[in-house]
Every structure is written in structure tokens, then in C-alpha cells.
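The structure appears below as C-alpha cells.
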Amino acid sequence: MANQFDVVVIGAGPAGYVCAIRAAQLGLKTACIEKWSDDKGKALLGGTCLNVGCIPSKALLDSSHKFVEAQKDFDVHGIKHEGVEIDVPKMIARKNKIVKTLTTGVGGLFKANGVTLLEGAGKVLAAKQVELTRGDGSVEIIESANVVIATGSRPIDIPPAPVDGDLIVDSTGALEFQEVPARLGVIGAGVIGLELGSVWARLGSEVVVLEALDQFLAAADQQIAKESMKIIKKQGLDIRLGARVTGSEIKGKGKNKEVHVTYVDSDGKENSLIFDKLIVAVGRRPYTEALLAPDSGVNLDERGFIFVDDHCATDVPGVYAIGDVVRGPMLAHKGSEEGVMVAEIIAGQKAQMNYDLIPSVIYTHPEIAWVGKTEEEVKAEGGEYKVGTFPFAASGRALAANDKDGMVKVIADKVTDRILGVHVVGPSAAELVQQGVIAMEFAASSEDLALTIFSHPTLSEALHEAVLAVDGHAIHIANRKRR
Ligand SMILES: NC(=O)c1ccc[n+]([C@@H]2O[C@H](COP(=O)([O-])OP(=O)(O)OC[C@H]3O[C@@H](n4cnc5c(N)ncnc54)[C@H](O)[C@@H]3O)[C@@H](O)[C@H]2O)c1
């Protein structure tokens, strides 16, 4: 049978839909399969990110931040107000509207670019055939010259706290609370735990975050992690490190139901806490259930991710895998870039991506963001390096905005001066780190950025001052040591 498509993408999340659009732009006859559907059976596009991840969580983070500002910070500006209240169902409805706009938008982009949407579940068979099972149970075999797997990830369950979707929820359930839980427990002080813990803490929950590791944000630069911990704790989040959850039990009936959680602390002592809601945010796992036929030829690695090379090729020529289902950070922008790379490779181009420069962001307030190497990594590699830091407390723009917590840190090679890492906790950290990504993509030295003119007064000047501080030339802070 002749190929029906040049490219069939399985999964319409930020990796899959971007891949499909780019492939269609390149003139390839492209289909994208999606099995997620709404209550009317209509395909939901955009994957975890648009439906129950990045976008809805940011909507709630922004709403809850405005609430805190109105409640606590307006006074500083001399703005008088009374009785600020939060209407949680309205806040959730606004979030849902944003999600709908964006997910519908993906459908529009498919139409505009000529991507065929196939609604149903895709399964990879041998010889680049894909089995499509539609909602009504009918099955169709699709032939394609290339197959791209982009099925994403699922939250990890832990036996001591099984999600029941009511009192014990995962990240999806935590976006749907219809009232503010008085006592909220969060298992895991990772990205999701901190972001969702922040949302509900700002709205009035008493939040306790239980983290098994002794170190806070182990993947981040530890100077930035310590600074972040200080700021977040000051906001009222009770973060307990070295706290391993050992069990949970739901007690009571109806409105009086509560969840009793036990955990062992780093001294080996058993503790217990009672919550109205418990969010389990202990990581995500690749989603490969019912995806691969036994003779598909596609292999998994030892951690259950689809095994791919640097160009996202699986063990079967013409079959690729991208996004959360393969190695690397589970980040939408990493998946999207892999989608573009794979589409271009299929179209015959020599595409590649730079895995060393994938930025990370935690959207707390202030945000925590970084790119490149941490000081710990640079030190472990044994290279000589120099560091420049600048606190937002010395930034005129941050003071004017009443947003002065945090700092910028830049690490550069001592010999070549090339920037090795940019780390920020502070206002608009995500946007500031993006400047570091651009500079590092062009192999900039700290001097290159130091010689660049930054507008005054901007938050970006904190990055400028940090690169100046790398060589002891910062103007608006006393330099630690002239180098
Ligand atoms: N802003 C963003 O970019 C963003 C937002 C949300 C999610 N994500 C991605 O989604 C993925 C999942 O996020 P996440 O926050 O669930 O995972 P994570 O890996 O970031 O954090 C999970 C945390 O849970 C802890 N943990 C694990 N088991 C535990 C236990 N039994 N008791 C206590 N603590 C325990 C881990 O030590 C870890 O610190 C991540 O890869 C993340 O990058 C990214």
C-alpha cells in the first residue's frame, strides 16, 4: 500500500503539534493523532502544557499574585482599599477560558497549515505503520514514510499517597479546587510543588511542602537555591527538607473529610500532619502505555523513556520520538525545539539542537530561572571560573516596582571569559535569563555583555551589573574584589 502520509505525529502536545506544523510548512503531507477529548468527544489539542500544565498554572499564578498585591502590597503605594476577596470559581473559569482559546487555536493552526487531525489513539506497529483506534472503537491502519512519537508524560504515583482525585490530587486536580483549602499539603518541592503551593498559599492556604531530599532545588545553582528558599519561606510556605512521606489516610465524612499524612524526617523521627487537600508532585514519567506493538522495533531505555540518539531517531529508521517521552528535561520548549529539528531532518535538512542551552524556569514570585552550568558543575569540572552577582535591592527599577528580592549571578570562564551560566531569582527572572540564553548561543564573553548598552532604568540592568561584577567593574554595588 502506498504511504498515506509523509509524516504521522502521535500526540498533539507542544512537541507533537509544533513538529506537525513545521513538517507541513516544509511541504510534507502530515497528520497528527490525538486521543485526548472533551466531554463531547472532540479532540483536545495542546497536550499537558496547554490543558493542565504550563498555561493554566500560569493563569492561576498570575491571578493569585494580583490578589496578594491587592491584599498586601497596594498599601505600600498608598493605594487604599477594603475587603479584597477572591472568587475562586471565577478565577478557575478565567483559567479555563484561556485554555480553551489556546487549545482551539492549535486546531486553527492545523487547518491553516494543512495538517490532518486524526482523532483517536495511535499505536506504532512494525514497518512504520500506525494503528488508529477511534473513539467509536473502529480501527484503521495508517501508512507513513515517517512516524514521530510525542506522547508526553504522566504524573508519578507513590504508594504512600494514592491520588483519589478528591482529597489527594495530582497537578491536574490542584488546578480545579473550587475553594481555598485551609490546610494544604504538597509532596515534592520541585517545580510543580512550588508553583502550585504558591498559588494556594497566596490565596490563604496554610501550605506545608514535604521534600524527601535534604537539598532544596538540587538541580539549581545552590547560591540561587538558598536565596530562593529564604524568599519563599518568608512568603509563608513551610518547606520541610529531608521529609519522606510514608503514608496517608483519609478520615472523616462529607465536608469533614481530611487527609492524615505521616512522614519520616532526616533524624528518622516519624511525624504526622493533617490537611484538607494534598497535592502529590513527585515528578512525571514517560507515557508509553499501549503505544508500541511488540514487533515495532522501537526500544525503551532503562528508565522507560523511548531510546533515541541526539537527533531524536529511535532504533527504527524513519521513526522518531520527541518531548517528555525521551531523555532530557521535561520542558515544553525542549519538546517544541525537538519537534522542529525532527521535521527539518525528515525534510532533508541538517538540523540539530543545542541541548546545553535549554533554560529552566520556576514561576514562583519572584521567578527562579537559569541557563548553562551551575557553580557546582563548573567547580566539579575543575575549570577556573569567575563569578559576578548583583542584588535586585540595588536596582532602581526593582525598587520602583516594590519587587526587590533576589539576585542575578553570572559565571564565566576565567581564561576565555566565555559565559558559562546565568542564574536569576528575582522579578522577571524568566525574561532576564533569556538574554543569557541569547548571549550564550552566540558564545558571548562576559565582556561582550559588559560592553552592551542597557536601557535605564530596567531590570535588565541587574544582568549588566552582574557581568560587570564578573571582572570587578560593577558600578552600583561595591565590588567584592578587584580582579
Ligand atoms: N515551569 C516549568 O518549567 C514546569 C512546571 C511544571 C512542571 N514542569 C516539569 O514537569 C516535571 C514534573 O514536575 P514535578 O515538580 O512533579 O517534578 P520534579 O522532579 O521537579 O520535583 C519532584 C520533587 O519531589 C521529590 N520527591 C519525590 N518523591 C518524594 C516523596 N516520596 N516524598 C517527598 N518528596 C519526594 C523529589 O525529590 C523532587 O524534588 C518536571 O520535569 C518539571 O520540569 C516544568
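- Judged by distance alone, with hydrogens and angles left aside, the side-chain atoms of Glu376 form a donor-acceptor pair with the main-chain N or O of Gln222 at under 3.5 Å.
- Side-chain contact check for Ile33 versus Leu132: some heavy-atom pair is nearer than 4.5 Å.
- Taking a 6.0 Å sphere around CD of Glu431, one finds it holds 12 or fewer heavy atoms contributed by other residues, nucleotides or ligands.
- Of the possible donor and acceptor atoms, one in the side chain of Lys334 sits under 3.5 Å from a partner among the backbone N and O of Gly323.
- Residues His365 and Asp405 bring no donor and acceptor atom of their side chains to less than 3.5 Å of each other.
- Of the charged side-chain nitrogens involved, none lies within less than 4.0 Å of a carboxylate oxygen, so that Arg154 and Glu289 do not count as a salt-bridged pair.
- Under the 4.0 Å criterion applied to side-chain N and carboxylate O atoms, Arg397 and Glu461 are not assigned as salt-bridge partners.
- Side-chain contact annotation: Tyr355 with Glu337, donor-acceptor N/O pair under 3.5 Å absent.
- A donor-acceptor contact closer than 3.5 angstrom links the side chains of Ser138 and Asp136.
- Closest of all the heavy-atom pairs between Leu449 and Phe454 is O-CE1, 3.6 Å.
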Test Glu367 against Ser428 for side-chain hydrogen bond (donor to acceptor under 3.5 Å, both in side chains), laying out the working first. CA-CA 6 Å; Glu367 293 169 350; Ser428 300; 5.5 Å; no
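- The cationic group of Lys404 does not satisfy the cation-pi geometry with Phe392, failing either the under 6.0 Å distance to the six-membered ring centre or the 45° limit from the ring axis.
- Each of Leu61, Val169, Val191, Leu175 was checked for a side chain to side chain contact (heavy atoms under 4.5 Å, CB included) with Leu196, and the lone residue meeting it is Leu175.
- Within the structure, side-chain hydrogen bond (donor to acceptor under 3.5 Å, both in side chains) pairs that include any residue of residues 91-101 comprise Ser63-Arg94, Lys95-Glu176 (at least two apart or interchain).
- Under the 4.0 Å criterion applied to side-chain N and carboxylate O atoms, Asp221 and Lys409 are assigned as salt-bridge partners.
- Classification of the Phe110-Tyr17 ring pair by plane angle, with boundaries at 30° and 60°, yields perpendicular.
- Not a single donor-acceptor pair under 3.5 Å links the side chain of Glu465 to the backbone N or O of Phe390.
- No side-chain N or O of Thr364 forms a donor-acceptor pair with one of Glu195 less than 3.5 Å apart.
- Salt bridge Lys128/Glu143: absent, no basic N to carboxylate O contact under 4.0 Å.
- A salt bridge between Lys373 and Glu381 is present, with a side-chain N of the basic residue lying under 4.0 Å from a carboxylate O of the acidic one.
- Contact between Glu34 and Ala12 at its shortest, heavy atoms only, is OE1-N, 2.9 Å.
- The pair Lys277-Asp166 meets the salt-bridge criterion, with a side-chain N (NZ, NE, NH1 or NH2) lying under 4.0 Å from an Asp/Glu carboxylate O.
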